[in-house]
Amino acid sequence: MAKKDYWLMKCEPAAYSIDDLEKDKTTSWEGVRNYQARNIMRDEMKIGDGVLFYASNADPSGVSGVAKIVKEGYPDDKAWKKGHHYFDAKTDKQNPTWFQVDIGFVETFNDVVSLEELKANPALRDMMVTKRGSRLSVQPVSKQDFEIVVTMGRKK
DNA sequence: GCCAACGTTGGC
DNA sequence: GCCAACGTTGGC
(Lines give C-alpha, C1' and ligand atoms only; values in the text may rest on other atoms or scores of the structure.)
Protein backbone atom coordinates (compact mmCIF):
# COMPACT_ATOMS: atom_id res chain seq x y z
CA MET A 1 0.00 0.00 0.00
CA ALA A 2 1.19 3.44 -0.86
CA LYS A 3 2.18 5.91 1.80
CA LYS A 4 -0.67 7.84 3.32
CA ASP A 5 -0.68 11.50 2.37
CA TYR A 6 -2.31 14.52 3.93
CA TRP A 7 -4.19 17.46 2.46
CA LEU A 8 -6.04 20.59 3.36
CA MET A 9 -9.27 21.48 1.60
CA LYS A 10 -10.90 24.88 1.84
CA CYS A 11 -14.55 25.67 1.71
CA GLU A 12 -16.70 28.55 2.78
CA PRO A 13 -18.99 27.36 5.55
CA ALA A 14 -21.85 29.20 3.88
CA ALA A 15 -21.44 26.75 0.99
CA TYR A 16 -20.52 23.61 2.93
CA SER A 17 -19.36 23.13 6.51
CA ILE A 18 -17.95 20.31 8.60
CA ASP A 19 -21.40 20.05 10.20
CA ASP A 20 -22.91 19.38 6.80
CA LEU A 21 -20.30 16.71 6.24
CA GLU A 22 -21.02 15.12 9.61
CA LYS A 23 -24.68 14.96 8.65
CA ASP A 24 -24.04 13.68 5.12
CA LYS A 25 -21.17 11.33 6.11
CA THR A 26 -19.63 11.75 2.65
CA THR A 27 -19.71 14.39 -0.04
CA SER A 28 -18.29 14.95 -3.50
CA TRP A 29 -15.79 17.78 -3.71
CA GLU A 30 -17.09 19.24 -6.94
CA GLY A 31 -16.65 22.58 -8.61
CA VAL A 32 -12.90 23.01 -8.27
CA ARG A 33 -11.82 25.09 -11.27
CA ASN A 34 -8.13 25.50 -10.62
CA TYR A 35 -5.50 23.44 -12.41
CA GLN A 36 -3.16 22.91 -9.48
CA ALA A 37 -6.00 21.73 -7.27
CA ARG A 38 -7.34 19.61 -10.13
CA ASN A 39 -3.99 17.87 -10.55
CA ILE A 40 -3.87 16.99 -6.88
CA MET A 41 -7.38 15.58 -6.91
CA ARG A 42 -6.91 13.70 -10.17
CA ASP A 43 -3.41 12.33 -9.64
CA GLU A 44 -2.36 12.39 -6.04
CA MET A 45 -5.19 11.83 -3.61
CA LYS A 46 -5.61 8.23 -2.57
CA ILE A 47 -8.32 6.49 -0.58
CA GLY A 48 -7.61 6.81 3.13
CA ASP A 49 -5.56 10.02 2.86
CA GLY A 50 -6.20 12.48 5.69
CA VAL A 51 -7.84 15.85 5.03
CA LEU A 52 -7.87 18.96 7.19
CA PHE A 53 -11.24 20.59 6.60
CA TYR A 54 -10.60 24.32 6.42
CA ALA A 55 -13.33 26.93 6.69
CA SER A 56 -12.48 30.02 4.68
CA ASN A 57 -14.26 33.37 4.89
CA ALA A 58 -15.47 32.26 8.30
CA ASP A 59 -15.44 33.73 11.77
CA PRO A 60 -12.77 32.81 12.47
CA SER A 61 -11.31 31.12 9.42
CA GLY A 62 -9.47 27.94 10.29
CA VAL A 63 -9.41 24.17 10.42
CA SER A 64 -12.78 22.96 11.69
CA GLY A 65 -12.27 19.21 11.53
CA VAL A 66 -10.90 16.16 9.79
CA ALA A 67 -12.07 14.19 6.77
CA LYS A 68 -10.59 11.47 4.61
CA ILE A 69 -10.56 10.54 0.96
CA VAL A 70 -13.18 7.88 0.23
CA LYS A 71 -13.20 8.04 -3.57
CA GLU A 72 -10.28 8.91 -5.82
CA GLY A 73 -10.37 11.42 -8.66
CA TYR A 74 -13.16 11.10 -11.22
CA PRO A 75 -14.56 13.56 -13.75
CA ASP A 76 -16.66 16.43 -12.41
CA ASP A 77 -19.81 16.05 -14.49
CA LYS A 78 -21.14 19.45 -13.44
CA ALA A 79 -18.64 20.88 -15.93
CA TRP A 80 -20.85 19.88 -18.88
CA LYS A 81 -24.27 20.60 -17.38
CA LYS A 82 -25.31 23.64 -19.33
CA GLY A 83 -26.56 26.44 -17.16
CA HIS A 84 -25.11 24.87 -14.05
CA HIS A 85 -23.04 27.12 -11.83
CA TYR A 86 -19.97 24.97 -12.49
CA PHE A 87 -20.55 24.64 -16.25
CA ASP A 88 -17.44 25.04 -18.37
CA ALA A 89 -18.08 25.26 -22.11
CA LYS A 90 -14.53 24.33 -22.96
CA THR A 91 -14.50 20.91 -21.32
CA ASP A 92 -15.24 17.78 -23.29
CA LYS A 93 -16.85 14.58 -22.03
CA GLN A 94 -14.31 12.44 -23.84
CA ASN A 95 -11.44 14.29 -22.29
CA PRO A 96 -12.60 15.88 -19.04
CA THR A 97 -10.77 18.90 -17.71
CA TRP A 98 -12.14 18.93 -14.19
CA PHE A 99 -12.03 16.24 -11.56
CA GLN A 100 -13.46 15.72 -8.11
CA VAL A 101 -12.92 13.34 -5.21
CA ASP A 102 -15.29 12.17 -2.49
CA ILE A 103 -14.45 12.80 1.13
CA GLY A 104 -15.86 11.19 4.27
CA PHE A 105 -16.43 12.64 7.73
CA VAL A 106 -13.88 11.77 10.43
CA GLU A 107 -14.21 14.27 13.29
CA THR A 108 -15.24 17.80 14.18
CA PHE A 109 -12.93 19.79 16.43
CA ASN A 110 -14.43 21.21 19.61
CA ASP A 111 -13.19 24.59 18.49
CA VAL A 112 -11.89 25.76 15.16
CA VAL A 113 -8.10 25.94 15.04
CA SER A 114 -8.00 29.46 13.70
CA LEU A 115 -5.63 30.75 11.09
CA GLU A 116 -4.23 33.02 13.77
CA GLU A 117 -3.31 30.03 15.92
CA LEU A 118 -1.79 28.21 12.96
CA LYS A 119 0.36 31.23 12.21
CA ALA A 120 1.32 31.60 15.87
CA ASN A 121 2.71 28.07 16.05
CA PRO A 122 6.36 28.13 14.97
CA ALA A 123 6.22 24.43 14.12
CA LEU A 124 3.73 25.24 11.34
CA ARG A 125 5.87 27.96 9.83
CA ASP A 126 6.12 26.08 6.52
CA MET A 127 2.48 25.12 6.26
CA MET A 128 1.10 26.48 3.01
CA VAL A 129 -2.10 27.90 4.43
CA THR A 130 -0.20 30.14 6.85
CA LYS A 131 1.58 31.87 4.01
CA ARG A 132 0.36 35.16 2.74
CA GLY A 133 -1.62 35.04 -0.46
CA SER A 134 -2.06 31.29 -0.42
CA ARG A 135 -5.30 30.86 -2.30
CA LEU A 136 -5.01 27.28 -3.44
CA SER A 137 -8.17 25.49 -2.32
CA VAL A 138 -6.59 22.04 -2.19
CA GLN A 139 -3.14 21.93 -0.62
CA PRO A 140 -0.66 19.27 0.43
CA VAL A 141 0.08 19.07 4.16
CA SER A 142 3.00 17.24 5.74
CA LYS A 143 2.33 14.38 8.17
CA GLN A 144 3.89 16.35 11.00
CA ASP A 145 1.80 19.44 10.31
CA PHE A 146 -1.35 17.34 10.00
CA GLU A 147 -0.73 15.74 13.37
CA ILE A 148 0.11 19.04 15.04
CA VAL A 149 -3.13 20.60 13.82
CA VAL A 150 -5.19 17.58 14.89
CA THR A 151 -3.58 17.73 18.34
CA MET A 152 -4.39 21.45 18.56
CA GLY A 153 -7.97 20.78 17.53
CA ARG A 154 -8.54 18.02 20.09
CA LYS A 155 -6.88 19.85 22.95
CA LYS A 156 -9.53 22.48 23.41
C1' DG B 1 -17.56 45.46 2.00
C1' DC B 2 -12.76 46.51 0.95
C1' DC B 3 -8.84 45.37 -1.38
C1' DA B 4 -4.37 42.81 -2.04
C1' DA B 5 -2.78 38.80 -4.11
C1' DC B 6 -3.25 35.65 -7.35
C1' DG B 7 -4.83 32.94 -11.71
C1' DT B 8 -6.61 33.30 -16.27
C1' DT B 9 -7.65 35.46 -20.58
C1' DG B 10 -6.89 37.67 -24.74
C1' DG B 11 -4.84 41.33 -27.76
C1' DC B 12 -0.88 42.06 -30.00
C1' DG C 1 5.10 34.60 -25.57
C1' DC C 2 4.48 38.96 -23.20
C1' DC C 3 1.71 41.46 -20.20
C1' DA C 4 -2.38 44.38 -19.11
C1' DA C 5 -6.98 43.74 -17.92
C1' DC C 6 -10.11 41.24 -15.65
C1' DG C 7 -12.30 38.00 -12.34
C1' DT C 8 -11.91 35.50 -8.04
C1' DT C 9 -10.32 34.36 -3.47
C1' DG C 10 -10.17 35.13 1.12
C1' DG C 11 -8.35 37.77 5.25
C1' DC C 12 -9.64 41.50 7.64
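Chain letters run A, B, ... following the sequence lines, proteins first and then strands; every chain starts at 1. If you're wondering where the values come from, they're calculated on a predicted model, not measured in any experiment.
- Under a 4.0 Å N-O distance rule, the pair A:Asp49/A:Lys46 does not qualify as a salt bridge.
- Less than 6.0 angstrom separates the ring centroid of A:Phe53 from the ring centroid of A:Trp29.
- Each of A:Lys90 and A:Ser134 has a nearest nucleotide on DNA chain B; the 5'-most of these lies closest to A:Ser134.
- Salt bridge present: A:Arg33 and A:Asp76 bring a charged side-chain N and a carboxylate O closer than 4.0 Å.
- When the nearest nucleotides of DNA chain B are assigned to A:Tyr35 and A:Asn57 by heavy-atom distance, the more 5′-ward of the two goes with A:Asn57.
- Residue A:Lys119 is in sugar-phosphate contact alone, with no base atom involved, counting any heavy-atom pair closer than 4.0 Å across all strands shown.
- You can see that DNA chain C meets the heavy atoms of chain A within a 4.0 Å-exclusive cut from C:dG7 to C:dC12, reading 5' to 3'.
- Under 4.0 Å is where a charged nitrogen must lie from a carboxylate oxygen, and between A:Glu107 and A:Arg154 at least one such pair does.
- The pair A:Lys81-A:Asp77 counts as a salt bridge, with a side-chain nitrogen and a carboxylate oxygen less than 4.0 angstrom apart.
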